[in-house]
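Following: one structure in structure tokens, then a few remarks.
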Amino acid sequence: MSITHFPFTAVVGQDDLRLALLLNAVSPAVGGVLVRGEKGTAKSTAVRALSALLPQVDVVPGCRFSCAPGAPDPACPDGPHEPGPGAARPARMVELPVGASEDRLVGALDIERALSEGVKAFEPGLLADAHRGILYVDEVNLLHDHLVDVLLDAAAMGASYVEREGVSVRHAARFLLVGTMNPEEGELRPQLLDRFGLTVEVAASREPAQRVEVVRRRLAYEDDPAGFASRWAGDEQEVRGRVVAARALLPQVVLGDTALLQIAATCAGFEVDGMRADIVMARTATALAAWAGRTSVRKEDVRQAALLALPHRRRRNPFDAPGLDEDKLDEILDRFPDEEPEPEPDPEPEGPDDGGGPDGDGGGVPPQNGGPETGHAPDAPDAPDGTAPEDREATEPEPSAPRGGADGAEQAAVGAAEPFRTKVLSVPGLGEGAAGRRSRARTAHGRTTGAQRPRGQLTKLHLAATVHAAAPHQKARGRAGRGLVIRKDDLRQATREGREGNLVLFCVDASGSMAARQRMSAVKGAVLSLLLDAYQRRDKVGLITFRGTGAELALPPTSSVEAAAARLEKLPTGGRTPLGPGLLKAHDVLRIERLRDPSRRPLLVVVTDGRATSAGAVGGDPRELSGRSARLLAAQGIASVVVDCESGPVRLGLAGALAADLGGPAVTLDGLRADSLAGLVKNVRTSVTSSASPHSSTRRAA
């Protein structure tokens, strides 16, 4: 039973998103689209609807790899192909699930038949299915690193290689890569980010009338998908025809020297890395001209191409806000005005947007300007709890004066000092968590450490162990000749060791004793540095702050390091120091996260001077409560590091005592720097191991 997708032309608003997708339909060489935005903004709906607008493709009948009849792939596993007529079929839209295995993506070799019979029995994967079509990755920022590596290789070479124990298969894999992501759930690796030709920021409309229209159309579609699609069939056919016409016109479009100078000056002015941005802008501007029915590229084409192709390439670190300074863009382009406007003999073809759709609010062809109607996203996404960042800032009480002390009033937030490079803090032992770059773990990729019987499908053959298992049985199996008689029970799976990502939970003292502006700035700079390290190592992060009479979970564990940095920047200070409640809050958060994701091991980073002046609602002696809370965390085998923020000529050493109770090391702010942190990882392992009780199975497992 075929699925009736929501029509592309029925999508309300999201003009930039629809334009970017249509430009790739006109010129697949543009390089795909990355769609960034909050949940519920029609990202997936628009992408899935695009395939219906693509022209049909001619393929060799019976070829599983979609070879073109006129130019079949000479290395096609189903080849060689004899000359002959092709069969037309619709362009495919293949979806790559976030949790897919590598075999599902690239295909699988039958290792047993390859060893015993010497034949290449190959089952194509999603890359073969997507050849000459669309490969769609929803939540692409959550894709495992080993799948990202495969995508990077295929996108760079236009081919997929599968190699197992000396047996190799190659096939063409050229596809339009489209990804969607919610930035709140974490950023994308820079290498993959650069592979997307264009990027679009989307957000839900704040106009009540447009939101009403979205609801009306969605309900109408869900009530009768086929009937709703038929109402938009005319608009779909019109846009499909315009895509075909633009593809035919594309080879005739002239990219003049002035346009090339504008492109080069724009990329240089925004200091983007490499030359891929220039090439993508040139292809995008050419596609824009063809989409408009013109044979020459104008300044407005270059401007729109820059708005789509550069925002994700100019970011220097994950905390830079995406986007371009449009005033600066206009200033650069005005240095190279178009030599002469080309008169248009015919008006540009109109799309469904110009005349409106069946519901009176057309949604087919986006405009080519960057005005306010294009639906740009706001500067920052809403927080996970639904509160906009600017609203959260407005709710923070304004301090009357920057003074304080342990019992002083709340003080205004101060900025973070310049971040620096840190060395790795890792969790001791061997984990089995999500792939990352922090702690040692058993993973599907990494160095081979042994062999075992496969659990389920064989993915990584250990050749020596397989031969060793089969060798004693050759006589009983009637071996004749030089080849081994291999059976399924002989196969051995390679066990590998790599790195995992962890949950790094920051517990930050924001009390009055930390309130000196220079001191708090240094503390924030240190935490920001650790957040940058967590981003690079693919960790989840969480943020707890404590001051006054209690502790607050400022950011629940998330993959969005950006969100943690934003909360840290706005962190106010003041009040007493409820260290014990802060540690108890950390214990509760880690307990819940262990239930949600038991394989992801935590690392607790406590940033404090070690003072404890309030027990909060728990009551009792503050210092005794902090000691009991720390020992509770240590008893559960949670790896911890204390960042000692104490300053001044007289030091009480309270942070060191806290670290001893937690069973982890204490390091000063200066000691966090990479050149001062040489022995910290060893100390983390040694301290946690030595403090572990030999009778605690829980701690040994951690």
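Excluded from the calculations below are hydrogen atoms, water molecules and symmetry mates; all remaining heavy atoms, backbone and side chain alike, are included. This structure is a prediction, so every number in the text was calculated from the model and none was measured.
- Of all heavy-atom pairs spanning Val26 and Ala290, the tightest one is CG1-CB, 4.5 Å.
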Original post:
Going through the checks in order, is the side chain to side chain contact (heavy atoms under 4.5 Å, CB included) test met by Leu135 and Val178?
Top reply: CA-CA 6 Å; Leu135 181 62; Val178 181; over 6 Å; no
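- Neither side chain, Ser51 nor Tyr136, offers a donor N or O lying under 3.5 Å from an acceptor on the other.
- Between the side chains of Thr295 and Gln252, not a single donor N or O lies within less than 3.5 Å of an accepting N or O.
- For the residue pair Thr180/Asp138, the side-chain donor-acceptor check at 3.5 Å is satisfied.
- Arg477 is listed as a side-chain neighbour of Arg487, based on a closest heavy-atom distance under 4.5 Å.
- Taking each heavy atom of Leu176 and Leu50 in turn, the nearest pair found is CD2-CD2, 4.4 Å.
- Of the charged side-chain nitrogens involved, none lies within less than 4.0 Å of a carboxylate oxygen, so that Asp58 and Arg132 do not count as a salt-bridged pair.
- A donor-acceptor pair shorter than 3.5 Å can be found between the side chains of Arg89 and Ser66.
- Salt-bridge annotation for Glu222 and Arg218: present, with a side-chain N of the basic residue lying under 4.0 Å from a carboxylate O of the acidic one.
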**OP:** For the pair Arg313 and Asp194, evaluate salt bridge (Lys or Arg N to Asp or Glu O under 4.0 Å) and give the outcome as yes or no after the intermediate values.
**Re:** CA-CA 7 Å; Arg313 291 187 166 89; Asp194 191 51; 2.9 Å; yes
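- Judged by distance alone, with hydrogens and angles left aside, the side-chain atoms of Arg453 form a donor-acceptor pair with the main-chain N or O of Asp489 at under 3.5 Å.
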